[in-house]
> 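Input: one structure, supplied below.
Every chain is numbered from 1 and lettered A, B, ... according to where its sequence line falls, protein lines coming before strand lines.
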Number of protein chains: 2
Amino acid sequence: MNPGVTGRGTAAAAVLGAVLRHGPVARTTIARLTGLSPAAVTRNCAALAGLGLLTEVAGPLPYRGVGRPHTPVDVETGRHLVAGIHVAHEHCTLALLDLRGRVRARLKVPHRDPDDHEEVLATAADRLVRLHAEHLPGHVPLGLGVAAGGWVDTEAGVLVEHASLGWRDVPVRDLLAARTGLPVLVDSHARALARAEQLFGAAGHHESLVHLFVGNVVDAAIITGGGAHRGTRSAAGGVAHLALGDPAIECPCGRNGCLEATVSDRAWAWRAYEAGVIARPSIADLGDAAVAGDPAATALLVDRARIVARAAALLFDIVNPDVVVVTELGVIRLPECADAVRAEVAATSRACPSPSAVLPSSFGRDVLGVAAGSVQLDAIYADPLDIRNPIRLGV
Amino acid sequence: MNPGVTGRGTAAAAVLGAVLRHGPVARTTIARLTGLSPAAVTRNCAALAGLGLLTEVAGPLPYRGVGRPHTPVDVETGRHLVAGIHVAHEHCTLALLDLRGRVRARLKVPHRDPDDHEEVLATAADRLVRLHAEHLPGHVPLGLGVAAGGWVDTEAGVLVEHASLGWRDVPVRDLLAARTGLPVLVDSHARALARAEQLFGAAGHHESLVHLFVGNVVDAAIITGGGAHRGTRSAAGGVAHLALGDPAIECPCGRNGCLEATVSDRAWAWRAYEAGVIARPSIADLGDAAVAGDPAATALLVDRARIVARAAALLFDIVNPDVVVVTELGVIRLPECADAVRAEVAATSRACPSPSAVLPSSFGRDVLGVAAGSVQLDAIYADPLDIRNPIRLGV
DNA sequence: GCCACTTTTTTGCCCAGCGCAACGAAGTGC
DNA sequence: GCACTTCGTTGCGCTGGGCAAAAAAGTGGC
């Protein structure tokens with residue numbers, strides 16, 4: 001309750017957050033970064049080290065010639081890990097992450113019967129247990145994060161409505177907790193990724209950011225003042241059906257010109273396929289063609305980037321975040337697309353602070369796993385002293 | 001630092017906030033509302049009463065027949081007040097508000113020389129001192145809030161750029177503080193009003209709200225999770241230049257179809273004037289005509305409401321707040337306009353929880369004064385124990 | 001009028017957690 | 001070996017919350 005000290009959350013969270021962002025770092029530096037007293041930093045570091053979240057490292061001391069040298073501390077990545085399950089249309093992506101959000105093991109599990117959610121989740125859980133046993137048996141799992149597209153009730157841990165699988169009111173948390181014995185948290189894909197970008201990605205230390213995701217669904221997530229913004233009905237960031245797209249395209253929602261109907265992976269792949277640019281309607285093929293140097297493919301992806309930029313510009317104007325992170329195939333793989341978005345945003349938006357405020361996503365092929373694990377990591381970094389060493393994975 | 005107890009801010013703020021919202025209320029009820037223990041409520045109430053922010057009232061006890069009766073406490077409106085100066089294009093609006101945000105005295109001061117900001121502010125300050133001496137000499141002023149359209153640096157208390165007066169980098173806080181001896185806070189019009197609606201208006205206890213202001217400028221303000229969202233460059237809520245308006249209309253910004261260029265008071269009054277509905281291009285005349293029953297005037301205002309509704313729908317989808325409060329002449333004065341907005345939003349937005357989530361502004365003719373005073377009241381309710389009884393008004 | 005009973009409010013005590021300041025630690029340069 | 005500098009730790013006091021016991025302020029029965 002001392003003013004201006006910790007911002008939101010506990011002091012321990014502030015300390016751990018500073019350590020995460022500023023690599024191996026001396027305690028006095030942490031004190032400066034967080035505004036805490038050196039004494040408080042020492043005590044919190046001790047508590048965090050006791051939980052195995054922090055270690056002293058024998059730093060490559062860049063000695064300053066005078067005074068007692070630093071004893072840098074860093075996030076302990078060798079003892080704990082976090083599991084993640086991302087539930088998509090055709091498969092689950094499983095991942096084990098360390099506390100720096102790095103994927104240490106991954107596995108893609110196709111759904112046997114997509115309609116049978118119990119079977120899908122049970123299989124995912126079992127494979128996860130095996131993944132852990134095979135790859136990182138020495139690491140203690142702290143929890144499991146689940147990310148999915150669509151509407152999620154985070155409090156209840158229920159997947160209210162999955163965007164493409166058609167699941168309804170699936171009690172994901174309880175099902176997976178029973179099967180793994182781990183604490184389980186569930187959140188929407190977009191919010192999880194936004195938080196991941198803030199914790200581990202290029203968006204680094206920015207206090208506010210917007211994450212714009214373009215895949216088969218289009219969704220945005222807003223983070224302001226330290227926390228993800230959910231909105232009344234957990235529906236914040238609904239940009240899918242804004243009329244920013246091609247007015248000639250009908251959307252299943254009944255209106256025309258919806259952003260999602262125009263620029264989703266599926267829609268754009270079809271557009272490219274029909275234009276004869278690729279041999280089958282696959283967005284990955286389009287990306288490969290463009291990366292290989294096909295000018296028509298590149299042009300198509302740049303076109304998409306320009307439309308995506310309209311949404312980014314809108315978000316800049318309305319939310320005015322420090323940065324907008326864009327997860328979209330073209331922007332990630334082709335510099336031309338990223339430039340196109342930046343140029344378009346700079347030209348359209350009044351509030352975009354600088355072109356460099358538009359960033360491509362940082363997680364490459366591992367996005368889905370990182371998203372899922374980050375659901376749990378978010379909670380750990382928000383209140384690190386609250387972790388309960390769980391029962392061993394696998395019950 | 002005890003989990004889940006006070007939400008954001010101090011316990012005293014939670015207590016005072018609960019008292020503000022729930023009228024005269026028993027301490028036990030406050031405990032239930034805030035999640036604090038009865039003991040903590042007692043202590044905080046004592047502290048707040050000591051500062052003169054709270055009183056015990058000899059309540060009209062609705063006695064429940066058994067047990068010790070309540071001793072209701074309420075916000076003390078008879079000892080302190082807050083001053084406000086709203087700086088507009090042609091005049092300053094001065095107001096003295098009590099702690100419930102009610103305007104107790106008001107005065108409109110036309111600018112003698114709009115270009116001479118020092119003179120304008122000095123005159124406003126002097127008239128404010130006189131207003132206090134004449135009307136409420138017994139009340140102790142706690143501070144002065146300044147609201148203005150345009151770009152405001154709240155930290156520095158500087159009006160970076162006024163929307164219509166053309167002022168630049170005016171150190172409003174220092175000028176007025178020197179002249180009045182009061183603590184001065186400066187904020188943008190839109191944010192101040194949003195906060196006022198949340199504190200004193202119909203938006204009551206909603207945690208998140210968006211305020212959409214349509215006057216000669218068009219602006220939105222976003223409040224989430226307890227605090228106004230400023231954005232990186234204090235530019236959050238920039239809806240003025242979204243392409244939601246009439247594509248035939250050119251905007252000074254260089255593009256076409258901007259919302260502000262289409263629906264601002266000035267623009268719409270001209271439209272009505274040119275259509276022959278009113279005798280001179282005045283939005284007030286248009287409102288009067290509509291209220292008097294002129295169907296053409298009403299139709300024009302309903303048209304405007306529909307366009308405004310597009311912005312409201314957009315804000316619902318992107319921010320997903322509990323409510324959107326609309327400050328616009330038609331919506332405030334004509335039920336038809338409010339209904340038009342509700343219908344349009346319900347039809348367009350996917351995230352609007354219910355038509356009743358669109359509310360007209362609550363402050364009638366006093367909006368400007370309330371906005372200005374609320375800049376200061378906001379700070380008081382955010383950290384009530386922090387008030388310093390200032391030097392007597394007038395130095 | 002007095003007592004049992006109920007509910008509100010206060011008081012006393014304990015405990016977490018931070019800041020302050022003094023102290024111990026670990027180096028360099030002379 | 002000693003002065004000096006900076007880093008990290010420890011002891012102490014303060015703030016402010018919770019818990020539990022006590023006090024307060026009524027009603028209704030006798």
> Which residues pass the side-chain hydrogen bond (donor to acceptor under 3.5 Å, both in side chains) test with A/Glu197, not counting sequence neighbours?
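Only A/Ser361, A/Ser362 meet the side-chain hydrogen bond (donor to acceptor under 3.5 Å, both in side chains) criterion with A/Glu197.
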
> Considering only side-chain heavy atoms of B/Thr28, which listed nucleotide, C/dT9, D/dG26, C/dG19, is closest?
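My answer, after comparing the listed nucleotides, is C/dT9.
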
> Using OP1 and OP2 only, check whether a side-chain N or O of B/Ser37 sits under 4.0 Å from D/dG17.
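So the side-chain polar atoms of B/Ser37 never come under 4.0 Å of the phosphate oxygens OP1 or OP2 of D/dG17.
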
> For a quick check, tell me whether the side chain of A/Arg43 and the base of D/dG8 share a donor-acceptor pair closer than 3.5 Å.
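When only heavy-atom distances are counted, A/Arg43 does not reach the base of D/dG8 through any donor-acceptor pair under 3.5 Å.
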
> Once you round it to whole Å, what is the distance between P of C/dT8 and CD of B/Glu56?
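In whole Å, C/dT8 P and B/Glu56 CD are 15 Å from each other.
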
> In whole angstroms, how far is the P atom of D/dA24 from the NE2 atom of B/His70?
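In whole Å, D/dA24 P lies 20 Å from B/His70 NE2.
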
> Between C/dG19 atom C1' and A/Arg32 atom CZ, what is the distance in whole Å?
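About 19 Å, once rounded to whole Å.
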
> Whole angstroms only, please: what is the CZ-P distance between A/Arg27 and C/dA25?
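About 15 Å, once rounded to whole Å.
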
> Please check the phosphate of D/dG16 (OP1 and OP2 only) for any side-chain N or O of B/Asn44 closer than 4.0 Å.
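For D/dG16, neither OP1 nor OP2 has a side-chain N or O of B/Asn44 closer than 4.0 Å.
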
> State which residues pass salt bridge (Lys or Arg N to Asp or Glu O under 4.0 Å) with A/Arg173; sequence neighbours excluded, sorted by chain then number.
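A/Arg173 satisfies salt bridge (Lys or Arg N to Asp or Glu O under 4.0 Å) with no residue once adjacent residues are dropped.
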
> How close do B/Leu142 and B/Pro183 get, heavy atom to heavy atom, and via which atoms?
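Shortest heavy-atom contact: O-CG, 3.5 Å.
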
> Among residues at least two apart in sequence or on other chains, which ones pass salt bridge (Lys or Arg N to Asp or Glu O under 4.0 Å) with B/Arg21?
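With neighbours one apart ignored, the set is empty.
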
> To the side chain of A/Ala39, which of D/dT10, D/dT9, D/dG17 is closest?
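Nearest nucleotide to the side chain: D/dT10.
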
> Give the minimum heavy-atom separation between A/Thr77 and A/His139, together with the two atoms involved.
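Closest heavy-atom pair between A/Thr77 and A/His139: O-NE2, 3.6 Å.
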
> Name the closest nucleotide to the B/Pro69 side chain, picking from D/dG8, C/dT10, D/dG26.
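Of the candidates, D/dG26 comes closest.
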
> Which residues satisfy the side-chain contact (heavy atoms from CB on, under 4.5 Å) test with A/Ala47, sequence neighbours excluded?
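Per chain and number, A/Ala47 pairs via side-chain contact (heavy atoms from CB on, under 4.5 Å) with A/Leu385.
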
> Can you measure A/Leu33 atom CG to D/dC7 atom P for me and round it to whole angstrom units?
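Taking atom P of D/dC7 as the reference, CG of A/Leu33 is at 13 Å.
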
> May I have the distance from A/Leu36 (atom CG) to C/dA16 (atom P), rounded to whole angstrom?
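Checked: the CG to P distance equals 19 Å.
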
> Under 4.0 Å between a side-chain N or O of A/Thr71 and OP1 or OP2 of D/dC7?
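For D/dC7, neither OP1 nor OP2 has a side-chain N or O of A/Thr71 closer than 4.0 Å.
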
> Anything under 3.5 Å between a protein N or O and an N or O of nucleotides 1-6 of chain C, put it in a table, one pair a line.
unit_1: C/dT6; atom_1: O2; unit_2: B/Gly67; atom_2: N; d: 3.3

> State which of C/dG19, D/dG17, C/dT10 makes the closest approach to the side chain of A/Ala40.
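Of the options given, the side chain of A/Ala40 lies nearest C/dG19.
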
> Okay, side chain of B/Ser208, backbone of B/Asp322: is any donor-acceptor separation there less than 3.5 Å?
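Present.
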
> Mind jotting down which residue pairs meet the salt bridge (Lys or Arg N to Asp or Glu O under 4.0 Å) criterion with at least one end in residues 24-33 of chain A? Sequence neighbours excluded, please.
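Only A/Arg27-A/Glu56 qualify under salt bridge (Lys or Arg N to Asp or Glu O under 4.0 Å).
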
> From CG of B/Leu48 over to P of C/dT9, roughly how many Å is that when rounded to an integer?
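Result: 15 Å.
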
> Can you run down the salt bridge (Lys or Arg N to Asp or Glu O under 4.0 Å) pairs that involve residues 35-55 of chain B, sequence neighbours left out, and say none if there aren't any?
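Matches after skipping sequence neighbours: none remain.
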
> Distances under 3.5 Å only, N/O to N/O: pair up the protein atoms with those of nucleotides 28-30 of chain D.
none

> Starting at atom CG of A/Asp386, determine the distance to atom P of C/dG17, rounded to an integer number of angstrom.
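Distance check: A/Asp386 CG to C/dG17 P gives 12 Å.
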
> My understanding is that only residues two or more places apart in sequence, or in another chain, count here; which of them pass salt bridge (Lys or Arg N to Asp or Glu O under 4.0 Å) with B/Arg100?
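For B/Arg100, the residues satisfying salt bridge (Lys or Arg N to Asp or Glu O under 4.0 Å) (neighbours in sequence not counted) are B/Asp74.
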
